[in-house]
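Here's the structure, in structure tokens; my notes come after.
Quantities reported herein were computed from a predicted structural model and do not represent experimental measurements.
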Amino acid sequence: MKEWQVNSVSELDDVAADFLSAFMQYRVFAFSAEMGAGKTTFIKSLCRALGVLENVTSPTFSIVNEYMSADGNPVYHFDFYRIEKKQEAIDIGISEYFYSGNYCFVEWPEKILHLLPEDACRISINLKDNTRIITFNNV
């Protein structure tokens, strides 16, 4: 298990760069956390670390947003909070995204656990007071 303690938003860009370096073999990242814990905020920092220049926002209503990284590859950002049936994820072609070899950042993976690749990097974010604990849970 690897863990980062984040005391302020200003630390997130450094944590994101360290995080991507530590887990460079992964492309699908599943973020579990309570609402408001900072999933989207951390994903914004991860996208910046990948050289995304676009405005990164939560795809709560569109389910998926696509951004372009500095190396010209797409980065996919999913939010499954509003889906009611796994078929909705299947209908958007979720497996094509997950097995594309491009970065996929997934919020609310609990809604589609059975559709995640076995090698997805599972991350939890816990808020304690004003500190966020970001934990890699695969080990």
Side-chain angles (χ1 to χ4, degrees):
M1 178 171 76
K2 183 147 173 79
E3 186 174 279
W4 289 265
Q5 181 173 321
V6 180
N7 297 307
S8 73
V9 174
S10 65
E11 297 175 6
L12 279 177
D13 286 349
D14 289 337
V15 170
D18 184 41
F19 181 90
L20 289 172
S21 177
F23 303 115
M24 63 177 49
Q25 73 272 26
Y26 293 97
R27 286 298 176 268
V28 178
F29 295 85
F31 294 88
S32 296
E34 294 179 21
M35 190 169 295
K39 295 180 296 291
T40 301
T41 303
F42 187 48
I43 290 170
K44 286 179 184 183
S45 289
L46 290 167
C47 286
R48 273 193 298 275
L50 292 170
V52 171
L53 300 176
E54 300 158 77
N55 185 30
V56 174
T57 60
S58 179
T60 302
F61 294 100
S62 62
I63 300 177
V64 61
N65 287 344
E66 180 179 336
Y67 313 110
M68 200 58 61
S69 68
D71 62 6
N73 291 312
V75 175
Y76 301 110
H77 178 191
F78 300 89
D79 185 331
F80 291 109
Y81 180 74
R82 296 201 181 276
I83 70 164
E84 295 181 18
K85 299 176 186 172
K86 70 178 181 179
Q87 189 62 43
E88 292 175 69
I90 293 168
D91 288 347
I92 67 164
I94 194 67
S95 62
E96 291 176 31
Y97 289 107
F98 286 167
Y99 296 100
S100 68
N102 296 305
Y103 283 97
C104 295
F105 300 123
V106 181
E107 296 186 48
W108 301 101
E110 301 82 9
K111 300 273 194 149
I112 58 142
L113 279 179
H114 53 285
L115 299 175
L116 286 171
E118 271 188 40
D119 64 346
C121 184
R122 297 173 194 274
I123 309 301
S124 64
I125 301 174
N126 293 297
L127 183 59
K128 295 179 182 176
D129 298 318
N130 287 327
T131 300
R132 284 166 175 76
I133 308 297
I134 301 172
T135 308
F136 169 73
N137 296 312
N138 286 40
V139 178

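Contact record, P109 with L116: CB-CD1, 3.9 Å, taken as the closest heavy-atom pair. Nearest heavy atom pair, residue R132 against residue G36, reads NH2-O, 3.6 Å. Shortest non-hydrogen contact noted between D79 and P59 is N-CG, 3.6 Å. Looking at every heavy atom in both residues, F105 comes nearest to V75 through CE1-CG1, 3.6 Å. Pairing each heavy atom of S58 with each of E107, the nearest pair is OG-OE2, 4.1 Å. Closest of all the heavy-atom pairs between I125 and A37 is CG2-O, 3.5 Å.
Residues F29 and V15 share a hydrophobic cluster, clusters being chains of Ile/Leu/Val/Met/Phe/Trp/Tyr side chains in contact below 4.5 Å. With hydrophobic clusters built from ILVMFWY side chains whose heavy atoms lie under 4.5 angstrom apart, L127 does not share a cluster with V9. When the side chains of ILVMFWY residues are joined at heavy-atom separations under 4.5 Å, either directly or via intervening members, Y97 and Y26 end up in two distinct hydrophobic clusters. In this structure, I123 is not a member of the same hydrophobic cluster as L113, with clusters built from ILVMFWY side-chain heavy atoms closer than 4.5 Å. Note on I43: it does not cluster hydrophobically with F98, by side-chain heavy-atom contacts below 4.5 Å among ILVMFWY residues.
With values rounded to the nearest 0.5 angstrom, Y103 atom OH is found 8.5 Å from S69 atom OG. Here the CD1-CZ distance, from I63 to R82, works out to 11.0 Å after rounding to the nearest 0.5 Å. For the atom pair CD1 of I134 and NZ of K2, the computed distance is 11.5 Å after rounding to the nearest 0.5 Å. Within the model, atoms OH of Y76 and SG of C47 stand 12.5 Å from one another, a figure rounded to the nearest 0.5 Å. Between Q5 atom CD and I133 atom CD1 the span is 4.5 Å, to the nearest 0.5 Å. For the atom pair I94 CD1 and I83 CD1, the distance stands at 8.5 Å (nearest 0.5 Å).
Contacts classified as salt bridge (charged side-chain N to carboxylate O under 4.0 Å, His left out) and involving residues 5-27 (residues at least two apart or in different chains) are given here: D13-R48. Evaluation of the ring-ring contact (aromatic ring centres under 6.0 Å, His included) test over residues 106-134, restricted to residues two or more places apart or in two chains, returns Y81-W108.
Summarising the local packing, CG of L53 is surrounded by 12 or fewer heavy atoms from other residues, nucleotides or ligands at distances under 6.0 Å. Atom CG of N130 sits in a sparse spot, with 12 or fewer heavy atoms from other residues, nucleotides or ligands closer than 6.0 Å. Under a cut-off of 6.0 angstrom, the local environment of CD in E34 is sparse, with at most 12 non-hydrogen atoms contributed by other residues, nucleotides or ligands. Applying the 6.0 Å contact sphere to CD of E96 captures no more than 12 heavy atoms from other residues, nucleotides or ligands.
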S32 and R122: CA distance, side-chain angles, deciding distance, side chain to side chain contact (heavy atoms under 4.5 Å, CB included) verdict: CA-CA 8 Å; S32 296; R122 297 173 194 274; over 6 Å; no
- request: Could you go through the side chain to side chain donor-acceptor pair (under 3.5 Å) check for E66 and H77 one step at a time?
  value: CA-CA 6 Å; E66 180 179 336; H77 178 191; over 6 Å; no
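Judged by distance alone, the side chain of E54 and the main-chain N or O of M68 form a donor-acceptor pair under 3.5 Å.
D129 and T131 share no donor-acceptor pair across their side chains, judged by distance under 3.5 Å alone.
Note: F23 and F19 have perpendicular aromatic rings, judged against thresholds of 30 and 60 degrees for the angle between ring planes. Ring pair F31/F42 is perpendicular by interplanar angle, where above 60° counts as perpendicular and below 30° as parallel.
Side-chain atoms of F78 and C104, non-hydrogen and from C-beta on, do get closer than 4.5 Å to each other. Side-chain atoms of T57 and T40, non-hydrogen and from C-beta on, never get closer than 4.5 Å to each other.
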